[in-house]
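What follows is one structure encoded as C-alpha cells, with my remarks underneath.
Note on naming: letters A, B, ... go to the chains in the order of the sequence lines (proteins, then strands), and numbering restarts at 1 for each one. Owing to the predicted nature of the structure, the values given are computational and were not obtained by experimental measurement.
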Amino acid sequence: MARITSLAEAVQSAVHDGDTVAMEGFTHLIPHAAGHEIIRQARKKLTLIRMTPDLIYDQLIGMGCVSKLVFSWGGNPGVGSLHRLRDAVENGWPHKLELEEHSHAALANAYEAGAAGLPCAIFRGYIGGDLPRVNSRIKRVICPFTGEELAAVPALRPDVAVIHAQRADRAGNVMIEGVLGVQKEAVLASKRSVVTVEEIVDELPERSLNAIVLPHWTVDHVVEVPGGAFPSYAQGYYPRTNSFYKEWDAISREREPFLGWMKENVLMKGPEVFAQQVRKFRVAAE
Amino acid sequence: MARITSLAEAVQSAVHDGDTVAMEGFTHLIPHAAGHEIIRQARKKLTLIRMTPDLIYDQLIGMGCVSKLVFSWGGNPGVGSLHRLRDAVENGWPHKLELEEHSHAALANAYEAGAAGLPCAIFRGYIGGDLPRVNSRIKRVICPFTGEELAAVPALRPDVAVIHAQRADRAGNVMIEGVLGVQKEAVLASKRSVVTVEEIVDELPERSLNAIVLPHWTVDHVVEVPGGAFPSYAQGYYPRTNSFYKEWDAISREREPFLGWMKENVLMKGPEVFAQQVRKFRVAAE
Amino acid sequence: MTDYTPNEMMTIAAARALKDDDVCFVGIGMPSAAANLARLTHAPNITLIYESGTLGTKPNILPLSIGDGELCETALTTVSVPEMFRYWLQGGRIKVGFLGGAQIDRFANLNTTVVGSYDSPKVRLPGGGGAPEIATSCGEIFIIMAQSKRSFVEKLDFVTSIGHVSGHDSRAGLGVQTKGPTKLITDLAQLEPDPVTKEMTVVSIHPGVTREQIEGNTGWKIAYAAKVAETPPPSPHELEVLRDLHARTRRAQEAA
Amino acid sequence: MTDYTPNEMMTIAAARALKDDDVCFVGIGMPSAAANLARLTHAPNITLIYESGTLGTKPNILPLSIGDGELCETALTTVSVPEMFRYWLQGGRIKVGFLGGAQIDRFANLNTTVVGSYDSPKVRLPGGGGAPEIATSCGEIFIIMAQSKRSFVEKLDFVTSIGHVSGHDSRAGLGVQTKGPTKLITDLAQLEPDPVTKEMTVVSIHPGVTREQIEGNTGWKIAYAAKVAETPPPSPHELEVLRDLHARTRRAQEAA
C-alpha cells in the first residue's frame with residue numbers, strides 16, 4: 001500500500017545494508033536522485049541489479065556501496081567506459097566487485113518471470129558464446145514437446161526496486177510513459193519499492209484505456225522529486241542531458257576528482273538540486 | 001505485409017479447409033463478421049482455438065465447419081450453454097467434435113509463448129485437478145534452480161489468426177484499445193492473419209506513446225467492416241448487444257430453427273449487414 | 001424488515017465477507033454482485049479485478065460478460081489477458097478469489113466441466129476457464145453456490161479446480177501454499193473448513209432456515225461447528241443498495 | 001568527388017546493404033547512422049527497431065543512447081523491454097541485426113566483454129547487452145567495424161556472441177537456423193562468408209585502399225574472393241544526407 005513520503009524516509013525504510021536492489025531505467029527515467037540518497041545514507045554491501053548500469057551505478061560503486069553487480073551492459077551510452085566500474089573490476093578499488101553477467105534477453109526474461117511469480121525464465125538464447133562458462137546461474141531446460149534445449153535463468157526477486165516515473169496520484173497510483181524499460185516488472189518482482197515521480201497530481205492524465213499504471217497497492221513509497229532522473233530524462237518533462245554524460249567521462253576517470261565531485265554534488269546536497277538541474281528544460285507536462 | 005482488401009478475398013486467401021484458426025476476442029472485439037464469411041465460404045475440418053468460444057464458434061460448429069476445438073471456457077456469457085457446441089459434444093451433431101480442453105492460464109500462456117517464438121510455455125498451474133488426466137498436451141517441467149514442478153503446454157502456433165480491431169491506417173498498422181484479450185499474441189503467434197476493423201483512417205489517433213499497435217508488417221489482410229464485432233462490442237464505437245446473446249439461447253436451442261436462422265441471416269447476407277446492426281448505437285469515435 | 005430472497009441473503013452474506021483493503025478476483029454473476037455490493041457499502045476502497053484484464057474497476061452496473069465495456073471504462077487501467085494471468089494472478093497479488101460451479105463436494109473441490117463421464121457427458125458444462133489457477137493462486141477462495149442435492153454431491157463427476165482435495169493436509173501436500181476455500185456461502189448457510197479435517201462445516205445458518213432444509217439440500221452428511229451462529233439478516237441499507245444495483249443493471253441491459 | 005573519410009565510406013557501404021522492406025534491429029553509433037542514412041536515401045520504408053522498445057522509429061537526429069526520447073516520439077509505438085526481447089527479437093520478426101565489437105575473428109564471432117582473462121581482465125568492456133541473442137535470432141547479421149590488428153584478431157579473448165563459430169556447418173550444428181553474419185563492412189573493405197568455409201572473405205575493396213593496407217590491419221591471413229570488386233565511392237547525395245544528419249545531431253546535442 002503506497003505511502004507518500006520524503007526521499008530520505010523512503011530510502012531509510014526500504015533500502016538496507018546487504019539488500020539486493022534493482023534501480024532500473026533503460027536510458028529513460030533513471031532514478032538518479034534516489035541513488036544519491038542511497039549514497040548519502042552510506043548503504044553498504046548492496047547487490048545491484050540492472051540491465052544497463054550507467055552513471056548512477058558508477059557512482060554507487062565508486063562510493064563503496066556495492067559488493068555485487070548483476071548486469072548485461074555496463075557503459076556510458078554513446079561515450080564509453082564506466083571508469084569507476086572498471087576500476088573496481090580491474091583494480092578492486094574501492095574494494096572487490098563480484099559480477100554476475102547476463103545478456104539483455106536473459107535479464108529482461110528474469111524480471112518478467114519475477115513479476116509473474118515464477119522461479120525461473122526460459123528463452124532461446126546463450127547459444128555458443130562464453131557467458132554460460134563464467135556464469136553458473138545460466139542453465140538449460142528441455143522443451144517436453146519438441147526436445148529443444150532452451151536457456152534458463154533464475155527469476156529476479158530483488159529486495160527493493162527503485163524507479164522514477166512521470167506521475168503518481170495522491171493514492172499512489174503510478175503512471176509511466178515512453179520508453180518503459182523493465183521498471184514495471186522490476187517493481188512487481190520486488191519485495192519492496194521506492195518510486196520517485198516528477199509530480200504528484202490529483203488525477204492521472206487521460207491516456208489510453210491501457211495506460212501503463214502501477215496500482216497504489218503494488219508500490220510502497222512514492223516520493224515527489226522533480227528532475228529526479230537528471231541527467232537521464234523524463235518524457236514530457238525534460239530531455240536527456242547528453243552533455244553531462246560526456247562530462248562524466250572526465251569527472252570519473254581518476255579517483256580523487258571523482259571523490260571531490262561526489263562530495264560537493266551529492267554528499268553535501270539534497271534531492272532539491274535535481275529540480276534546479278532541469279528547470280531550464282522543463283516543458284509543461286500535459 | 002498488410003494488404004487492404006475485401007472480407008471475401010481475405011478469407012479466401014487466408015483460411016483453408018483443415019486450417020488451425022484462432023478467432024480471438026475476450027468478450028470484446030469478437031470477429032463475428034469474419035466468422036460469417038468463413039461459414040459462407042463453407043470451410044471444413046477446421047481446428048478452432050479460442051479461450052472463450054461463444055456465439056460465433058457455436059455457429060461455426062453448428063454449420064459443420066469444425067472438427068476440433070481447443071478452448072478453456074465454452075459458454076454464452078451470463079446466459080448459459082452453447083447449444084450447438086453441446087449438441088456436437090453430447091450427440092455428435094452435425095458430426096463428432098474433438099475437444100482439447102485447457103484452463104485460461106494455460107491458453108493465455110500458450111499464446112504468449114507462440115508470440116514469443118518459444119516451443120512451449122511454463123506456468124504454475126493444473127495442480128490437483130482432472131484436466132491433465134484428459135489432456136495429454138499438459139506436461140510438467142522441473143525448475144532447474146528450485147526443483148519446483150511447473151505445468152507446461154505447447155505454444156500455440158495457429159495457421160491463421162482472425163481478429164477485429166477499432167482502427168487501421170492505410171499502411172495497415174492496426175490499433176487496439178480497451179479489453180485487449182489475447183488478440184495481439186494470437187496475430188503474432190500465427191502464420192497468417194485477417195484483421196477486420198471498424199474503420200480505416202489516414203492517421204491512427206494520438207493515444208499514449210505506448211498504444212497497442214500491430215505494425216503493418218505483422219498482419220496480412222486488413223478489411224474495413226463497420227460493426228464487424230456485433231453482437232460483441234467495439235470500445236468507442238458501439239456497446240455489447242446483450243439482448244442478442246439472450247435471444248441466441250432460443251435461436252440455437254434446436255437444430256431446425258438454428259439452420260433456418262443461419263440461412264436467413266448469414267448464408268443469404270453479406271458483411272454489410274453488420275453496419276446496419278450497430279448504426280443505432282454508433283457513437284462518434286474520437 | 002424480513003422481506004428478502006434467499007439469493008439476496010446469499011449475496012449480502014458474501015459481500016460482508018470482503019474487507020475494504022481486499023484485492024479481489026471477481027467472476028460474473030453472484031460474485032460480481034457481492035463484490036460490487038461490498039464496494040458500494042462497507043468496502044469503498046476494495047480493488048476489484050476481472051480476468052478480462054480490468055484492474056481496480058468500479059462498474060456502475062453489473063456486467064453480463066467478464067469483459068463488458070463498463071468494466072474497462074471505470075478501471076484504473078486494463079492489461080492484456082496473458083499479463084493478467086502471469087503478473088497479477090500467478091504473481092500472487094490477489095487476496096480473494098471467487099468461485100462457484102455446477103458441483104461441489106465436502107472439501108470444496110469444484111466441477112464446472114461435465115456431468116457424467118468426460119468422454120460421453122450427460123451435460124457438457126462450459127469448463128474451467130480461469131478456475132484451476134484461481135483456486136491455487138489466490139490467497140483465499142470464497143465460494144457462492146445455492147444448495148441442492150444436484151449440486152452439493154458426495155463425489156464430483158470431474159475435478160475442475162481443487163479446494164481442500166481430500167481434506168487434512170492434502171492440499172498443502174500438493175505444494176499449494178494458498179489457503180484455498182475459507183468460506184462457502186449458500187442460500188441457506190455459511191460454511192468454513194474444519195481446522196483439522198478441512199471439511200466444509202456449517203458455522204452460520206441464515207434466518208428462518210432449518211437444519212432439515214440444509215441436510216435435505218446436501219448430498220453428503222453435512223457437519224456443523226460446535227457453535228453455529230445465525231446469519232444477521234440483510235439490513236435495509238444492504239437490500240436497498242443491492243436492489244438499486246440490480247435495477248440499474250436491468251435498465252441498462254434492456255436499453256441494449 | 002573523392003573528398004570523404006573512411007568512416008563515411010564504411011557507413012555509406014553499410015547503408016547500401018539495407019533494403020526498403022527490411023525490418024532492422026539497430027544499435028547505437030555506426031549502425032544507427034547507417035540505418036538512418038538508408039531510411040533517408042534509398043529505403044524510406046525501412047522499419048527501424050531499437051532494443052529500448054521503439055518500433056518503426058524515424059529519428060530526425062541520431063540518438064546518443066539506445067533509448068533517447070527522439071526514438072520514442074517518432075516511433076509507431078514503444079513496447080516494454082521484456083516484450084521487445086520476447087515477441088519481437090526472439091519471435092523471429094527481425095530480418096537484419098547490426099553488431100560490432102572490440103574484437104572479431106575470421107568467422108565473425110565477436111567479443112564485447114573483456115580484453116585479457118575474464119576473471120582479471122586487462123580491459124573490462126561494457127559487455128554483451130543484446131548481442132548474444134541478436135546474433136542468433138535475427139535473420140541475418142551485418143557487422144560494421146574499423147579494421148586494425150587490435151580488433152581483427154586470430155583468437156578472441158572471449159566469445160560474447162557467435163558468428164560462424166568455427167566455420168563450415170558449425171553454426172547450424174548448434175541448432176541455430178538463422179544466417180548469421182552475411183556482411184562485414186569495414187573502413188577498408190566489404191567481407192562476406194565463404195559459401196563453404198564460412199570464413200569472412202574480402203569481396204569488395206573501398207576506392208584507393210590496397211591489399212597491403214587490409215592485410216596490415218588484419219590479425220589473420222585474410223582471404224579474398226575469386227572476384228574482388230571495387231566499392232563504388234559515396235555519391236554526392238549520400239555524403240550530403242549523411243553529413244546533414246551528423247550536423248543536425250551535433251547541433252541538437254550541443255543544445256542539451
Side-chain angles (χ1 to χ4, degrees), chain A residues 25-28 51-52 54 71-82 85-86 89-90 99 101-109 111-112 115 123-131 133-134 148-149 178-185 212 232-233 235 239-246 281, chain D residues 28-29 51-54 63-73 78-86 89-90 109 111-114 118-137 156 158-162 165 170-171 174-176 252-256:
Chain A
F26 207 87
T27 81
H28 181 213
M51 291 180 68
T52 54
D54 68 346
F71 78 111
S72 42
W73 191 88
N76 184 340
V79 178
S81 291
L82 293 176
L85 168 59
R86 282 188 57 182
V89 174
E90 296 169 14
L99 296 183
E101 186 165 6
H102 285 281
S103 67
H104 278 351
L107 288 186
N109 276 286
Y111 274 120
E112 204 274 357
F123 62 104
R124 183 178 293 107
Y126 282 135
I127 301 170
D130 284 340
L131 278 169
R133 280 201 304 100
V134 298
E148 180 179 359
E149 188 181 82
V179 169
L180 302 170
V182 291
Q183 284 96 299
K184 176 176 170 177
E185 286 75 16
I212 310 302
S232 172
Y233 72 106
Q235 189 80 49
R240 190 170 187 270
T241 302
N242 289 322
S243 56
F244 185 85
Y245 280 82
K246 293 172 176 165
F281 298 116
Chain D
I28 284 306
E51 66 190 5
S52 55
T54 56
L64 185 71
S65 90
I66 197 84
D68 280 11
E70 174 78 8
L71 296 174
C72 178
E73 290 155 16
T78 298
V79 301
S80 75
V81 165
E83 178 178 326
M84 175 54 64
F85 280 92
R86 291 171 65 80
L89 181 62
Q90 182 178 259
N109 304 296
N111 172 20
T112 58
T113 305
V114 289
Y118 186 80
D119 293 325
S120 52
K122 239 195 269 58
V123 181
R124 173 64 231 198
L125 302 164
E133 285 73 28
I134 291 169
T136 52
S137 295
L156 300 180
F158 191 94
V159 179
T160 308
S161 62
I162 61 166
V165 192
S170 53
R171 177 184 171 93
L174 295 173
V176 182
Q253 288 184 357
E254 277 151 13

With a 4.5 angstrom heavy-atom cut-off, which part of V165(D) approaches chain A: side chain, backbone, both or neither? neither

Could you give the distance from CD1 (I134(D)) to NE2 (H104(A)), rounded to the nearest 0.5 Å? 7.5 Å

Interface residue of largest heavy-atom contact number with chain D, from G129(A), G78(A), A105(A), P77(A), under 4.5 Å: A105(A)

If we define contacts as heavy-atom pairs under 4.5 Å, which of G127(D), G53(D), G129(D), S137(D) has the most with chain A? G129(D)

Heavy-atom distances under 4.5 Å only: say whether K246(A) touches chain D with side chain, backbone, both or neither. side chain

I would like to know whether Y111(A) and V81(D) meet side-chain contact (heavy atoms from CB on, under 4.5 Å); could you show each step before the answer? CA-CA 10 Å; Y111(A) 274 120; V81(D) 165; over 6 Å; no

Contact class of E133(D) relative to chain A, heavy atoms under 4.5 angstrom: side chain

Rounded to the nearest 0.5 Å, how far does CH2 of W73(A) lie from OG1 of T112(D)? 10.0 Å

With chain D as the partner, which of D54(A), V89(A), L85(A) has the greatest number of non-hydrogen pairs under 4.5 Å? V89(A)

I need the Y245(A) OH to S65(D) OG distance, nearest 0.5 Å. 7.5 Å

Taken to the nearest 0.5 Å, the spacing of D130(A) CG from I162(D) CD1 works out to 11.0 Å

Between chain D and each of R124(A), E112(A), E149(A), count heavy-atom pairs under 4.5 Å; write down the option with the most. R124(A)

Region of Y118(D) in contact with chain A, defined by heavy-atom distances below 4.5 Å: side chain

Roughly how far apart are L71(D) CG and T27(A) OG1, rounded to 0.5 Å? 8.0 Å

Find the distance between OG1 (T54(D)) and CG (L180(A)) and round it off to the nearest 0.5 Å. 11.0 Å

Which one of S81(A), A115(A), S232(A), S103(A) has the most heavy-atom pairs closer than 4.5 Å to chain D? S103(A)

Heavy-atom distance under 4.5 Å to chain A: side chain of S120(D), backbone, both or neither? neither

Under 4.5 Å from any heavy atom of chain A - which part of E70(D): neither

I'd like to check Q235(A) versus C72(D) (side-chain heavy atoms, cut-off strictly below 4.5 Å). Are they in contact? yes

Using the test salt bridge (Lys or Arg N to Asp or Glu O under 4.0 Å), find all partners of E73(D) that sit at least two apart in sequence or belong to another chain. none

Between I66(D) and F26(A), is there a side-chain heavy-atom distance shorter than 4.5 Å? yes

Non-hydrogen atoms of chain D under 4.5 Å away: do they reach the side chain of L82(A), the backbone, both or neither? neither

Among residues at least two apart in sequence or on other chains, which ones pass side chain to side chain contact (heavy atoms under 4.5 Å, CB included) with V123(D)? R86(A), E90(A), V115(D), L125(D)

Ion pair R124(D)/E101(A), N-O distance below 4.0 Å: yes

Counting heavy-atom pairs under 4.5 Å with chain D, the top scorer among G125(A), G75(A), A108(A), A106(A) is A108(A)

Heavy-atom contact with chain D under 4.5 Å, split by part of F123(A): both

At a heavy-atom separation under 4.5 Å, does P132(D) approach chain A through its side chain, its backbone, both, or neither? side chain

Contacting region of S161(D) [heavy-atom separation from chain A under 4.5 Å]: neither

Residue pair P82(D) / V182(A): nearest heavy atoms and the distance that separates them: CD-CG1, 3.5 Å

